[in-house]
Amino acid sequence: MTDSRFDVRFDAGQADSRWQAAWDEARCFEADSASAKPKSFVLEMFPYPSGRIHIGHVRNYTMGDVLARYKAMRGFEVLHPMGWDAFGMPAENAAMENGVHPAGWTHANIAAMKKQLKQLGFALDWSREFATCDPTYYGHEQALFLDLYAGGLVYRRESAVNWDPVDQTVLANEQVVDGRGWRSGALVEKRKLNQWFLKITQFAQDLLDGLDTLQGWPEKVRVMQENWIGKSTGLQFAFDLSNGEQLEVYTTRPDTVFGASFVAVAADHPLAAGVAVGNAEAQAFIALCKQGGTTAAELETAEKLGFDTGVTAHHPFTGAALPVYIANFVLMDYGTGAIMAVPGHDQRDFDFATKYGLPIMRVIAASADVADAPLTEAEAGDGVCVHSSFLDGMAVADAKAEVIRRVEAEGRGQGKTVWRLRDWGVSRQRYWGTPIPFIHCDACGVVPVPKDQLPVVLPEDVDISIPGSPLARHPTWKHVACPQCGAAALRETDTLDTFVNSSWYFLRFASQPTDKPFDTAEVAQWLPVEQYIGGIEHAILHLLYARFWTRALAHVGAVDVKEPFASLFTQGMVTHETYYRQTYDDGSDHPRVRYYSPDEVERSANGATLKNDSKQVEVGKVIKMSKSKKNVVAPEDIIADFGADAVRWFMLSDSPPERDLPWSEAGIEGCGRFVQRLWRLFGQFDAGATGEDKALDRKTHQAIAAVASDIEALSFNKAVARLYELASAIDKAAPSASRNEAIRSILLLVSPMMPHLAEEAWHALGQPGLIANAAWPAVDPALLVEDEVTVAVQVQGKLRDTLTVAKGLPKDQLEALALASEKVQRSIDGAQIKKVIVVPDRLVNIVV
RNA sequence: GCGGGCGUGGUGGAACUGGUAGACGCGCGGCACUCAAAAUGCCGUUCCGAGAGGAGUGUCGGUUCGAUUCCGACCGCCCGCACCA
């Protein structure tokens with residue numbers, strides 16, 4: 001008899017909240033650091049509390065959740081925490097616009113988003129939740145900052161910084177994209193300010209080397225970080241100039257030194273400034289260089305321009321007089337801001353030399369016999385030195401070493417490694433961030449706040465309505481006594497970059513004592529994070545900073561870990577069609593594009609109409625959901641319509657997780673149908689049924705094994721397909737003990753993905769406890785092997801027949817069977833058989 | 001320009017280390033159930049062809065008994081980086 005309780009439709013609305021409450025009650029997902037089980041730390045990038053969860057979060061957290069629940073079923077003690085990256089500009093912007101306090105705004109947003117996350121039934125350890133704006137969090141961050149200061153990794157200096165005029169604050173190099181602020185989009189200006197820096201460059205080599213150990217990271221992300229760190233090795237040396245001065249240049253191609261035909265300096269190089277004194281033409285040229293754009297497109301099209309200073313440089317080996325130019329393509333902040341230009345082997349130099357009629361010499365050739373081949377473009381490749389005096393015949397690598405050796409021997413320069421990576425400026429002139437725990441005293445200088453006076457808490461009564469630093473203009477907050485001499489002194493009013501907050505939050509998740517940031521031994525229990533999941537947009541910023549902080553903390557003895565994230569997965573975006581019309585409704589001649597949201601539109605197989613007027617709208621490209629294109633769906637709406645499990649299932653279906661997932665109404669409806677279908681399937685559990693169904697047993701066990709390996713590989717789309725197949729097989733099978741076992745198994749297999757439905761059915765079927773605490777079903781290896789296989793029979797590589805035979809049938813028998821096939825005989829058609837290839841259990845190919 | 005990735009039905013995508021291309025989902029078509037609809041179930045669905053059969057994984061070529069998979073050239077799309085000396 002099947003179970004009549006399953007005749008009614010599965011009521012997600014009611015079941016979701018019941019089981020969410022049951023999990024909370026049973027504290028199912030609280031991680032126990034003292035557990036004897038093997039540990040697994042599954043982490044998704046914690047969200048900024050913007051106010052609501054968007055569909056991208058849902059996809060991200062669903063993936064992590066499936067993995068976390070699966071790991072728990074496999075006997076791991078799982079740490080799967082959640083918190084809030086709660087400091088930052090949007091809270092201050094909201095304060096400016098709406099007059100709400102950043103703290104109140106942030107906490108209200110957190111409450112709203114937490115409710116949404118709870119509705120999705122994620123197996124999160126909420127007991128470890130924190131927000132980075134909690135003084136209990138940022139106070140510990142201040143303590144760590146002081147530790148790094150004591151360890152020599154924090155310093156303060158005046159420097160030219162990237163100033164974001166909209167956010168009214170400084171940005172790190174990494175936070176400037178195409179000359180604009182990464183968040184505000186404003187054109188960044190250069191300013192001189194006293195800034196706090198973290199010595200990330202001290203770990204440049206180590207951060208680079210560490211990338212090789214991160215085999216669980218996407219190649220793409222490792223390449224991006226490698227490029228960002230930007231190691232180059234070369235030679236720095238001085239030219240003697242005709243004006244009696246010296247000019248330091250840096251080159252990665254010392255082997256091409258005999259091909260140098262001019263020298264160039266940046267427009268803001270001191271030599272350029274010197275030349276410009278009393279020289280209007282030079283001044284005009286320098287001004288021209290400085291107004292040049294910095295975007296990729298502008299740079300690409302920018303013409304190479306130069307200004308001949310009239311100064312010449314003496315070639316260190318030939319003694320030739322090389323003209324010194326000011327050139328717009330030389331950057332002051334890389335190397336020494338001056339280069340030796342080798343037109344034959346650097347395209348920029350080639351372009352420049354062509355324009356100004358300077359010599360272009362070949363000094364590297366593929367082989368010595370093409371030493372005089374003409375150059376039509378710069379040849380940057382490998383080869384041997386030619387026309388290069390004592391270097392002639394040497395390979396590029398050897399010649400580099402030889403030139404460096406000679407220059408060093410002459411005391412004229414030295415081999416040098418140059419990095420693109422710069423120290424990380426962490427000062428922000430904002431309110432809503434971690435106060436930097438230092439005090440400026442006229443007598444004692446910059447004094448750390450004693451640890452027993454931490455946290456340095458943000459004042460609540462601030463005026464955020466006007467630009468500028470709210471802490472700096474606060475009437476009382478900054479006035480304190482110097483901890484050393486007791487005299488009146490001033491607090492540091494800069495706050496830390498919010499990327500500092502996210503550089504160690506995973507450590508605080510692993511361990512959160514009240515008297516210190518974390519316990520080193522407890523952290524060692526959980527770290528490294530076994531699987532980290534988040535967006536590709538953090539490939540450099542967050543992930544590089546977090547790797548650096550982990551090293552810096554190891555440097556001062558706070559942690560034993562080096563790489564915080566063993567495996568990284570970057571998931572694709574959720575996309576959706578766009579719907580639009582071209583309108584002229586503003587009365588102008590130019591059409592404007594007006595977008596419509598999916599719920600204003602009726603979509604059919606061959607087009608779309610607007611619900612309002614039943615007239616057609618254009619169906620546009622499938623792109624990332626964004627408010628401006630109105631192609632968004634609200635998680636709360638679809639959860640209400642279909643239930644959390646259908647939404648979760650959709651997030652896992654079809655598209656491989658690293659690729660974009662196109663949202664569709666038809667797709668989510670299909671998921672909703674499958675939830676109901678499974679529900680009915682569970683109702684087919686027939687306690688009275690007996691008997692064996694070997695074929696179904698085999699399918700069940702194959703599915704158990706396949707779904708497990710698919711989840712471990714994060715190939716959720718494949719696991720989903722497997723589960724559809726198993727469901728169909730169960731549907732078709734007759735009642736039996738095997739079928740009951742199959743139903744019990746599929747229930748367990750879908751439980752990480754559809755936990756509410758699974759829990760409801762588990763309960764209805766009278767299974768003990770919560771399925772959230774159940775174990776993954778065991779696989780019988782004997783059932784994974786088929787005893788019959790289908791073998792393809794080809795003639796000339798074309799499929800002619802298939803044979804179903806016992807597994808392991810010997811080659812000669814297989815061959816005989818294949819040749820006996822009527823279809824095969826027909827296509828051989830009496831031709832002579834030259835060769836027969838037999839792959840046991842797979843195919844027979846007959847060559848005639 | 002440099003680096004990386006991708007190209008498979010109407011559609012999202014499967015295909016283990018070269019071995020039956022198109023699993024599974026969506027859509028579409030047909031049928032059953034129903035007074036009817038919804039829901040559900042069953043069957044079909046790469047293309048051409050009535051059929052036997054033929055063609056087919058961006059294009060062209062190569063290696064192989066056999067290529068979505070390996071190699072070369074080209075075309076197209078996406079992403080990242082960039083006057084980094």
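Residue numbers begin at 1 in each chain, while the letters A, B, ... track the order of the sequences.
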Spacing of the [atom1] atoms in [M] and [N] (rounded, Å):
N	M	atom1	value
B/G44	B/G5	C1'	37 Å
B/C84	B/U20	P	48 Å
B/G56	B/C48	P	16 Å
B/C47	B/G29	P	15 Å
B/G13	B/A23	P	15 Å
B/C70	B/C24	P	26 Å
B/A14	B/A82	P	32 Å
B/C33	B/C26	P	24 Å

NA contact type, [X], heavy-atom cut-off 4.0 Å: base, sugar-phosphate, or nothing?
X	answer
A/K798	sugar-phosphate
A/R222	nothing
A/R422	nothing
A/V793	nothing

The side chain of [X] lies closest to which of these nucleotides: [options]?
X	options	answer
A/R348	B/A85, B/G3, B/C24	B/A85
A/T252	B/G27, B/C83, B/A85	B/A85
A/Y724	B/G25, B/C83, B/C26	B/G25

I need the [atom1]-[atom2] distance between [X] and [N], as an integer number of Å.
X	N	atom1	atom2	answer
A/Y250	B/A85	OH	C1'	8 Å
A/K834	B/U64	NZ	C1'	13 Å
A/M754	B/G25	CE	P	13 Å
A/K732	B/C43	NZ	C1'	11 Å
A/L544	B/G80	CG	C1'	15 Å
A/K220	B/C2	NZ	P	20 Å
A/E226	B/C2	CD	P	18 Å
A/Y325	B/A85	OH	C1'	18 Å

Donor-acceptor pair under 3.5 Å, A/K304 side chain vs B/C83 base
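Counting by modelled atom types and ignoring angles, a donor-acceptor contact under 3.5 Å is found here.
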
Kindly indicate whether the side chain of [X], heavy atoms from C-beta on, has any atom under 4.5 Å from the side chain of [Y].
X	Y	result
A/V793	A/K823	no
A/P270	A/M332	yes
A/I711	A/V66	yes
A/M340	A/V257	yes

Pair assignment for RNA chain B - dot-bracket with | for other-strand partners, Watson-Crick or G-U under 3.5 Å:
(((((((..(((......[....)))((((((.......))))))(((....)))..(((((..]....))))))))))))....

Ring center gap for A/Y356 and A/Y325 short of 6.0 angstrom:
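Judged by ring-centre distance (under 6.0 Å), A/Y356 and A/Y325 do meet the cut-off.
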
Taking the six-membered ring for Trp, is the centroid-to-centroid distance between A/W649 and A/Y724 below 6.0 Å?
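Yes.
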
Would you please classify the geometry between the A/H576 ring and the A/Y579 ring as parallel, tilted or perpendicular, with 30° and 60° separating the classes?
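Perpendicular: the ring planes of A/Y579 and A/H576 meet at over 60°.
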
With under 30° as parallel and over 60° as perpendicular, where do the rings of A/Y250 and A/Y334 fit, or are they tilted in between?
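Plane angle over 60°, so perpendicular.
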
Side-chain N,O (A/R673) to OP1/OP2 (B/G25) below 4.0 Å
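No, no such contact exists.
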
Enter syn or anti for the glycosidic conformation of B/G9, syn applying to angles within 90° of 0.
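Nucleotide B/G9 adopts syn.
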
Apply side chain to side chain donor-acceptor pair (under 3.5 Å) to A/T201 and A/D423, showing your working.
CA-CA 6 Å; A/T201 54; A/D423 276 343; 2.6 Å; yes

Atom CD of residue position A/E822 - does it have more than 12 heavy atoms of other residues, nucleotides or ligands inside 6.0 Å?
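12 or below, so no.
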
Treating primed atoms plus P, OP1 and OP2 as sugar-phosphate and everything else as base, which nucleotides of nucleotides 8-22 of chain B get B, S or - for protein heavy atoms under 4.0 Å?
----BSSSB--BB--

Which is more 5' along RNA chain B, the nucleotide nearest A/S232 or the one nearest A/M224? Just name the residue.
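Upstream on the strand: A/M224.
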
Show which side-chain atoms of residues 413-422 of chain A pair as donor or acceptor with protein atoms under 3.5 Å away, not counting sequence neighbours.
from	atom 1	to	atom 2	distance (Å)
A/K416	NZ	A/Q236	OE1	2.7
A/R420	NE	A/W228	O	3.4
A/R422	NH1	A/D333	O	3.3
A/R422	NH2	A/D333	O	2.5

